[in-house]
Amino acid sequence: MFTIGDFARHGRVSVRMLRHYDAIGLLRPARVDPHTGYRFYTADQLALLNRVIALKDLGFTLEQVGAILDEKFDADELRGMLRLRQAELEAALAEARARLAQVGARLRAIESEGRMSTQDVVVKKIPAVRVAELSATAASFGPHDIGPVIGPLYDELCGRLEAAGVTGFGPGIAYYEDAGKGDGSVVVHAAMTVPEGTVVEGVEVLVLPGIEEAATVVHRGSMDTILPTAQTLALWIEANGYRSRRFARELYLECPEDRSRWVTEIQEAIDRA
């Protein structure tokens, strides 16, 4: 048997926590010395302690933990619950990282006010191109709403193209339009250039019209950090007597696994104000 101190060390918990678990009947000592009141535990009780801690980490209250343990969940069931919780935490972490990147982009835009270079903006004609696309609606044009929509669209689109045996597709082109609901929502079109004659079940194939006059600028880095580049384009459009005609397109020139190395051309249709 182990003293409460030794058991706490083996279980990587505090003595205070074990005393509390004893007090509420969640994890009783295997034996209590009737003369000294010292608590003693067995190694077998580590399994129960592991379940208690695991359920707490899943977000259950101690009262709920007790009720669950009374139902005698087996190791496979607990493992499944922990994996589910792990996936939830990983998703929350990914979302937090994306938001952190967006905050950083907003901060860089603020820090660059009044001194953002517009020398790299180029006006050119964008030709029409044949694309295969999937679309969905995002709550807003903000990166935090666009990202969770456009990523899965491209995953599904590329998967369908590959399954249909389409080769030579790409690069990707994303374009947007107002959803017409009056709430700021936008329709997200995730498109890939494809060869003539492409037919894929469940995928729309169309000719994306060209842009007669577009102000363009190249963004290098993750799309989560696109804000300063997009605002550079907006400054140039106004300073040169143009007006924007619609949402900008995004032409994905290079998309390596490391998103910080992405190269994207922003293309915004313009005319004279």
Side-chain angles (χ1 to χ4, degrees), residues 1-108 110 136 138-140 142-156 159 221-225 256-261:
M1 284 192 172
F2 299 99
T3 65
I4 190 171
D6 289 338
F7 187 74
R9 283 192 292 275
H10 286 292
R12 300 299 194 272
V13 296
S14 68
V15 169
R16 179 180 179 183
M17 182 180 291
L18 290 176
R19 287 174 177 157
H20 180 60
Y21 290 169
D22 180 15
I24 64 175
L26 192 59
L27 178 56
R28 299 287 195 186
R31 185 174 73 85
V32 178
D33 188 291
H35 303 292
T36 63
Y38 289 168
R39 298 171 174 86
F40 295 92
Y41 296 81
T42 64
D44 290 345
Q45 289 181 287
L46 288 170
L48 178 57
L49 177 61
N50 288 337
R51 282 164 168 71
V52 171
I53 301 302
L55 291 168
K56 275 187 59 185
D57 288 344
L58 284 170
F60 292 106
T61 66
L62 290 179
E63 183 179 358
Q64 291 170 325
V65 170
I68 291 171
L69 291 176
D70 285 344
E71 294 295 326
K72 302 292 190 294
F73 280 78
D74 63 27
D76 286 340
E77 290 171 311
L78 285 173
R79 190 179 299 113
M81 295 169 72
L82 280 171
R83 284 177 175 165
L84 176 61
R85 180 57 175 162
Q86 182 182 36
E88 291 172 346
L89 290 172
E90 287 174 348
L93 182 58
E95 182 179 355
R97 284 174 175 161
R99 287 188 176 275
L100 182 60
Q102 292 158 22
V103 169
R106 187 75 63 175
L107 179 59
R108 285 190 293 276
I110 292 172
S140 79
H144 57 282
D145 287 324
I146 295 295
V149 173
I150 199 168
L153 282 178
Y154 269 115
D155 289 343
E156 183 177 353
S222 166
M223 295 303 289
D224 291 330
T225 65
E257 187 173 345
D258 181 356
R259 291 176 178 267
S260 67
R261 298 175 59 192

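This one's a predicted model, so the numbers in the text were calculated from it and none came from an experiment.
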Passes side-chain contact (heavy atoms from CB on, under 4.5 Å), F60 versus I68? Steps please. CA-CA 9 Å; F60 292 106; I68 291 171; 3.8 Å; yes
I would like to know whether I4 and R9 meet side-chain contact (heavy atoms from CB on, under 4.5 Å); could you show each step before the answer? CA-CA 9 Å; I4 190 171; R9 283 192 292 275; over 6 Å; no
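How far CG of L69 is from CZ of R51: 8.0 Å, rounded to the nearest 0.5 Å. Atom CD in Q86 sits 11.5 Å away from atom CG in L93 (nearest 0.5 Å).
Shortest non-hydrogen contact noted between S14 and A8 is C-CB, 4.1 Å. Taking both residues in full, the closest heavy atoms of L153 and A136 are given as CD1-N, 3.8 Å, listed atom of the first, atom of the second, then distance. Among all heavy-atom pairs drawn from G5 and V15, the shortest one is CA-CG2, 4.0 Å. Residues Q64 and G59 share a closest heavy-atom pair of OE1-O, 4.5 Å.
Counting only heavy atoms from C-beta outward, the side chains of L46 and Y41 never approach each other to under 4.5 Å. In this structure the side chain of F7 reaches within 4.5 angstrom of the side chain of L49, judged on heavy atoms.
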What side-chain donor-acceptor pairs closer than 3.5 Å can you find for residues 19-33, not counting sequence neighbours?
residue	atom	partner	partner atom	Å
D22	OD1	R28	NH1	3.1
D22	OD2	R39	NE	2.8
R28	NH1	D22	O	2.6
D33	OD1	H35	N	2.8
D33	OD1	T36	N	2.9
D33	OD1	T36	OG1	3.4

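Remark: S260 engages D258 in a side chain to side chain donor-acceptor pair (under 3.5 Å) (not counting sequence neighbours).
Listed for the Q45 side chain is a donor-acceptor partner under 3.5 Å among the backbone atoms of T42. Between the D6 side chain and the F2 main chain, no donor and acceptor come within less than 3.5 Å of each other.
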